[in-house]
J.: 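Please see the structure below; I have some questions.
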Number of protein chains: 2
Amino acid sequence: MKISVLGEGTHRQSCQDCAARDFAICAALDNTELRELAQLSRHVRFESGATVFAQTNMATSFFSVHEGTLRLYKLLPDSRRQIVGFALPGDFLGLSGLPQHEFSAEAIGRVALCQFSKESFATFAENRPGLLRRIIELAGRELARAQEHMVLLGRRSAEEKIASFLIGWRDRLSGIGRGGEILPLPMKRLDIADHLGLTIETVSRTFSKLERDGVIQIFAGGVVLDVARAEALSGGAS
Amino acid sequence: MKISVLGEGTHRQSCQDCAARDFAICAALDNTELRELAQLSRHVRFESGATVFAQTNMATSFFSVHEGTLRLYKLLPDSRRQIVGFALPGDFLGLSGLPQHEFSAEAIGRVALCQFSKESFATFAENRPGLLRRIIELAGRELARAQEHMVLLGRRSAEEKIASFLIGWRDRLSGIGRGGEILPLPMKRLDIADHLGLTIETVSRTFSKLERDGVIQIFAGGVVLDVARAEALSGGAS
DNA sequence: CGTCAGGTTGACGCGTCTCAAAGTGGGTGG
DNA sequence: CCACCCACTTTGAGACGCGTCAACCTGACG
């Protein structure tokens, strides 16, 4: 297991002006509490491909994503892989609260995270209802996303899967202020395949077909998306 | 939309000796709090097939399942259906916290629920960290189940899906003290199909094959399961 | 210029879906 | 009590979407 920490240390910059603050659990805290929580946190960085934690590990930390993208995946014994989600800035890792990690987390490109020891974070949160409610809010959002993804995996065709994925990814990015003309896709085709329950060949073919049909334009590391046409092909919401 | 309430009223029996208490959110409350919460609740019953709430409805209530089984599902515009889960005694409905229900809930057989108005429950929970932590615990468990189900939907074959489902269902039932020689399956074949991302024909064929292979014995409303052989066919955990 | 990871494209096969028909059991009315 | 109906399930035959296997392309990097 490759684990590479590029740099780490205590908070290099104040949490007050953290770009992810409004999307992360921190949104529930006032400035005093934020400073207190910062005392408990370490800023850690991982290089591309590094494993932040693995499914078999005991969960000794919570993480809040500060910058970058991660793939969260589960493996079957014969090494089939299902990517259960991609984590973006503001996402909180460790919501399950179980003693062992439910999935593995790997950096896609470089990532920066705030790390909290499980015990000290639990102590800090224990009697802060505002923070606890914020965690419930994030968990509920995550659960809703998971259920929407079950519909995709169970009931959508390959083309609908790709179209739905692109729309959902776009919406998530714009939700954290990363919207734009070009839709960045930092993950590889294989990651998309393992996220959508397809093979890499089917993903590649479907991207090509969508480009031929004028739904997307493919660039290195991203696409330009015709949202209306993609929605028409996605099989619909819900 | 058929909504049939067989009977309703305030708490007909004390919450103290509720069979679901230890599995429900109520486990976080002492007897005084329990009595207080009971004041806010209505016991409601639904007959088989009744809709408890629909995806389009505004979520005005939370529910805690007291007795029975429900199917929780999402529909695509062309009426393809994905059952995102089955709710059992102790399960809490409304975890997403969003203003609209994320899925529809229908009774499979008769069900009994505790209903809380969203506002009064929120007020009650607001400054009870113990209860909030309990909700986080239930949400985390639900999230872990959802992620496990994504692996099933995205990466398992039909036979592995059925075998995994039977094992998981068995484990869930024994977790709430409903284990036994015969494994009850209150849901129809079509429900299983829509839960596992299959068609009813494939489910039926696979059940027949598992019976021919001596993995299960099929009875009306349930099966007897050879757990070891089912696990061998399930493709493995995680 | 060679190597290598990632991506694309094609031919073919298989697992699951689709369509169709028949079997089963519970409930109801004659 | 039997005849019929209806919802649900089972089984079969054929079609098709996606997976598998294999070859080739592309760009980054040394």
J.: Encode nucleotides 11-19 of chain D as B, S and - characters from 5' to 3', where the letter depends on protein heavy atoms closer than 4.0 Å: B to the base, S only to sugar-phosphate, - to neither.
T.: BBB----SS
J.: Would you find a donor on one side and an acceptor on the other, under 3.5 Å apart, between the side chain of B:S164 and the backbone of B:S234?
T.: yes
J.: Answer yes or no: is there a donor N or O on one side and an acceptor on the other, between the side chain of A:S104 and the main chain of A:Q55, under 3.5 Å?
T.: yes
J.: Within this structure, what is the CE-to-P distance between A:M187 and C:dG7, rounded to whole angstrom?
T.: 12 Å
J.: Nearest-Å distance, CZ (A:R189) to P (D:dT26)?
T.: 15 Å
J.: Whether B:E148 and B:R145 form a salt bridge (side-chain N of Lys/Arg under 4.0 Å from carboxylate O of Asp/Glu) is what I want to check.
T.: no
J.: Can you tell me how far C1' of C:dT9 sits from CD1 of A:I218, to the nearest Å?
T.: 13 Å
J.: Begin with the C-alpha distance, continue with both residues' side-chain angles, and end with the deciding distance and a verdict on side chain to side chain contact (heavy atoms under 4.5 Å, CB included) for A:C114 and A:H43.
T.: CA-CA 5 Å; A:C114 297; A:H43 282 224; 3.8 Å; yes
J.: From CZ of B:R80 over to C1' of C:dT16, roughly how many Å is that when rounded to an integer?
T.: 16 Å
J.: Would you mind reading off the distance between B:D78 atom CG and C:dC17 atom C1', rounded to a whole angstrom?
T.: 15 Å
J.: Roughly, in whole Å, what's the span from CD1 in A:I162 to C1' in C:dG7?
T.: 14 Å
J.: Give every donor-acceptor pair under 3.5 Å between a side-chain atom in residues 175-187 of chain B and any protein atom, sequence neighbours left out.
T.:
unit_1, atom_1, unit_2, atom_2, d
B:R178, NH1, B:E67, OE2, 3.3
B:R178, NH2, B:E67, OE1, 3.1

J.: Rounded to whole Å, please give me the gap between CG in B:D191 and P in D:dA7.
T.: 16 Å
J.: With sequence neighbours excluded, what pairs up with A:D191 under the salt bridge (Lys or Arg N to Asp or Glu O under 4.0 Å) test?
T.: A:R71, A:R81
J.: In whole angstroms, how far is the P atom of C:dT18 from the CG atom of B:L190?
T.: 12 Å
